[in-house]
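Reading through the structure tokens given below for one structure.
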There are 2 protein chains.
Amino acid sequence: MLTITEENYLKAIFKSSLKETDGVSTNSIAKELETKASSVTDMIKKLSDKKLVNYKKYQGATLTKQGKDIAVSIIRNHRLWEVFLVEKLNFKWDEVHDLAEELEHINSEKLTEQLDAFLEFPKHDPHGDPIPDKNGNINRHNDITLADLQANEIGTVVGVKEQSKSYLNYLENIQLELGAKITVHNIVDFDRSMSASINNGNSINISHQASKNLIIKKSK
Amino acid sequence: MLTITEENYLKAIFKSSLKETDGVSTNSIAKELETKASSVTDMIKKLSDKKLVNYKKYQGATLTKQGKDIAVSIIRNHRLWEVFLVEKLNFKWDEVHDLAEELEHINSEKLTEQLDAFLEFPKHDPHGDPIPDKNGNINRHNDITLADLQANEIGTVVGVKEQSKSYLNYLENIQLELGAKITVHNIVDFDRSMSASINNGNSINISHQASKNLIIKKSK
DNA sequence: GATTATTTTTAGACTAGCCTAAAAAATAAG
DNA sequence: CTTATTTTTTAGGCTAGTCTAAAAATAATC
Ligand SMILES: [Mn+2]
Ligand SMILES: [Mn+2]
Ligand SMILES: [Mn+2]
Ligand SMILES: [Mn+2]
């Protein structure tokens with residue numbers, strides 16, 4: 001049995017490994033967990049002793065099969081709980097992350113599988129992130145963002161790259177939720193801001209900063 | 001914010017205080033938490049510093065208003081989660097306690113209240129224990145047990161005093177669930193065992209050990 | 001009321017996880 | 001290729017929570 005801290009390290013290494021090519025650096029783990037590099041070194045050694053990460057001094061860390069399986073199953077829990085909170089308990093998508101951070105550490109296969117069934121086997125969490133299946137397979141979605149669209153093109157919102165409360169809240173305020181249809185009218189050359197309409201409603205203006213974090217599926 | 005350990009101590013003190021007249025002894029807390037008396041003394045001092053328990057050396061501990069409120073709210077969480085697991089995720093009543101022990105520590109008023117609403121404001125958990133309301137009021141039920149019935153009297157199962165897996169499992173096997181109707185036929189003088197029928201079905205034999213832990217409501 | 005027995009507290013030590021400061025290794029610049 | 005910068009590791013120390021063993025206080029017994 002692992003401690004919550006150990007589980008969080010595995011998750012952090014997994015997340016960083018998606019961005020880094022080879023071994024995950026001590027510093028990036030430290031950044032992810034808001035802790036110090038020296039603490040990371042300590043923990044990596046411990047996880048290495050437990051055969052959950054491969055580690056050679058100064059070479060960064062990679063997850064073993066076993067370590068990766070644990071990380072993915074925690075992410076599975078996290079995303080299922082987020083769905084539960086939004087779908088069943090009427091939470092908003094900007095309110096669920098912190099609670100899911102706690103709920104994800106309750107380790108019970110039966111709990112996870114029953115919850116999955118209760119939610120009718122959702123494929124994505126409230127932020128559009130894919131939910132790993134029971135065997136740990138993840139369907140990463142293509143990363144086309146609103147910023148990639150040209151004028152007059154149309155897309156559907158399928159996820160967000162940035163998950164800060166303020167961003168999620170902003171999106172909700174302008175009705176840009178999962179599944180919303182967005183039509184690009186015009187792109188300003190100077191700052192790459194867009195005017196676009198949401199669900200064929202009023203036209204609004206969206207900054208590049210905002211559009212590049214909105215994952216969409218291009219229509220037609 | 002309290003640690004999970006601190007919360008568990010408050011809960012343990014609360015539970016013991018229901019059985020003990022005045023201050024809860026160091027030993028009974030140690031027994032409840034399966035820890036050592038010396039650890040308890042350390043923690044009680046800490047909780048006393050935080051004004052959650054009243055403590056004078058060698059005098060035992062009592063909860064302050066604040067400490068009691070926290071304990072009760074954790075129990076509220078615990079029992080609500082047990083209802084969730086049984087009602088929504090199809091767990092059996094002998095499988096939910098350990099999971100609820102973990103879930104109860106997720107502190108979010110919104111989560112608790114939304115869960116309560118989702119479950120349609122249950123009054124009792126799967127073991128018949130009363131769920132404290134939002135303000136911490138608890139409706140303890142009268143403690144008439146099956147062992148208190150005479151021959152030919154009839155009762156309805158409303159709870160259990162003993163919550164071990166083996167007992168709960170046994171009850172389930174003989175269909176003695178919450179709400180079951182039980183009719184006493186005969187009581188053996190020698191060992192106080194009973195023959196009784198469940199839901200007007202076949203007559204079975206129940207030991208005193210079993211009957212005295214089954215809380216019932218006497219019919220008429 | 002003195003003497004055991006029990007309970008509780010103290011003292012000191014251990015582990016997990018974290019930190020700061022300094023040393024060592026790796027990387028980047030000149 | 002030598003020096004400066006950055007990254008990583010080590011060394012040592014701190015807190016929370018636990019334990020064992022010993023001391024102190026309370027309770028029980030003679
Ligand atoms: Mn999240
Ligand atoms: Mn998410
Ligand atoms: Mn329980
Ligand atoms: Mn219960």
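Values below: every heavy atom of this structure, side chains too, minus hydrogens, waters and symmetry copies.
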Other residues, nucleotides and ligands only: do more than 12 of their heavy atoms fall within 6.0 Å of NZ on K92(B)? no

Would you confirm whether T112(A), through its side chain, and S108(A), through its main-chain N or O, come within 3.5 Å as a donor-acceptor pair? yes

Take Q114(A) and K88(B) through the test side-chain contact (heavy atoms from CB on, under 4.5 Å) and record every step on the way to the result. CA-CA 9 Å; Q114(A) 293 295 111; K88(B) 303 293 181 179; over 6 Å; no

Closest to the Y55(A) side chain, choosing from dT9(C), dC19(D), dT9(D): dT9(D)

Counting side-chain heavy atoms from C-beta on, which of dT20(D), dC18(C), dT9(D) comes nearest to T35(A)? dC18(C)

Could you tell me if H78(A) and D125(A) have a donor-acceptor pair between their side chains, going purely by distance under 3.5 Å? no

Starting from P on dT7(C), measure out to CD on Q59(B) and report it in whole angstrom. 16 Å

By the 4.0 Å heavy-atom rule, please label T26(B) as base, sugar-phosphate, or nothing. sugar-phosphate

Do L176(B) and Y170(B) pass the side-chain contact (heavy atoms from CB on, under 4.5 Å) test, and can you show the C-alpha distance, the side-chain angles, and the key distance before you say yes or no? CA-CA 8 Å; L176(B) 257 182; Y170(B) 161 67; 6.0 Å; no

Counting side-chain heavy atoms from C-beta on, which of dC18(C), dT18(D), dT8(D) comes nearest to Y9(A)? dC18(C)

Atom NZ of K45(B) and atom P of dA11(C) are separated, to the nearest Å, by 8 Å

dT18(D), dT26(D), dC18(C): which one has an atom nearest the side-chain heavy atoms of T5(B)? dT18(D)

Taking the side chain of S38(A) as heavy atoms from C-beta outward, which of dA25(D), dC18(C), dA21(C) is closest to it? dA21(C)

Check whether any side-chain N or O of T3(A) sits under 4.0 Å from OP1 or OP2 of dA16(C), and answer yes or no. no

Minimum-distance nucleotide to S25(A) side chain [options: dT8(C), dC19(D), dT8(D)]: dT8(D)

In whole Å, what is the span from the OH atom of Y58(A) to the P atom of dA26(C)? 7 Å

Could you tell me how far apart I44(B) (CD1) and dT7(C) (P) are, to the nearest whole angstrom? 15 Å

What is the distance from CG of D42(B) to P of dT9(C), rounded to the nearest Å? 10 Å

Among dT10(D), dT9(C), dC19(D), the nucleotide that comes nearest once only the side chain of K57(A) is considered: dT10(D)

Need one value for T41(B): base, sugar-phosphate or nothing, where a base atom within 4.0 Å counts as base even if backbone is also close, heavy atoms only. base

N27(A) side-chain N/O to dT8(D) phosphate OP1/OP2 under 4.0 Å: yes

Could you walk me through whether D148(A) and K218(A) pass salt bridge (Lys or Arg N to Asp or Glu O under 4.0 Å), step by step? CA-CA 10 Å; D148(A) 299 322; K218(A) 209 152 114 183; over 6 Å; no

Would you indicate what K56(B) reaches in the nucleic acid, counting non-hydrogen atoms under 4.0 angstrom: base, sugar-phosphate, or nothing? nothing

d(NZ, K31(A); P, dT7(D)) in whole Å: 7 Å

Please report the distance, rounded to the nearest Å, between CE in M1(B) and P in dA16(D). 15 Å

Report yes if at least one side-chain N or O of K36(A) is closer than 4.0 Å to OP1 or OP2 of dT8(D); otherwise report no. no

Write down the distance between CD1 (I29(A)) and P (dT8(D)), rounded to a whole number of angstrom. 9 Å

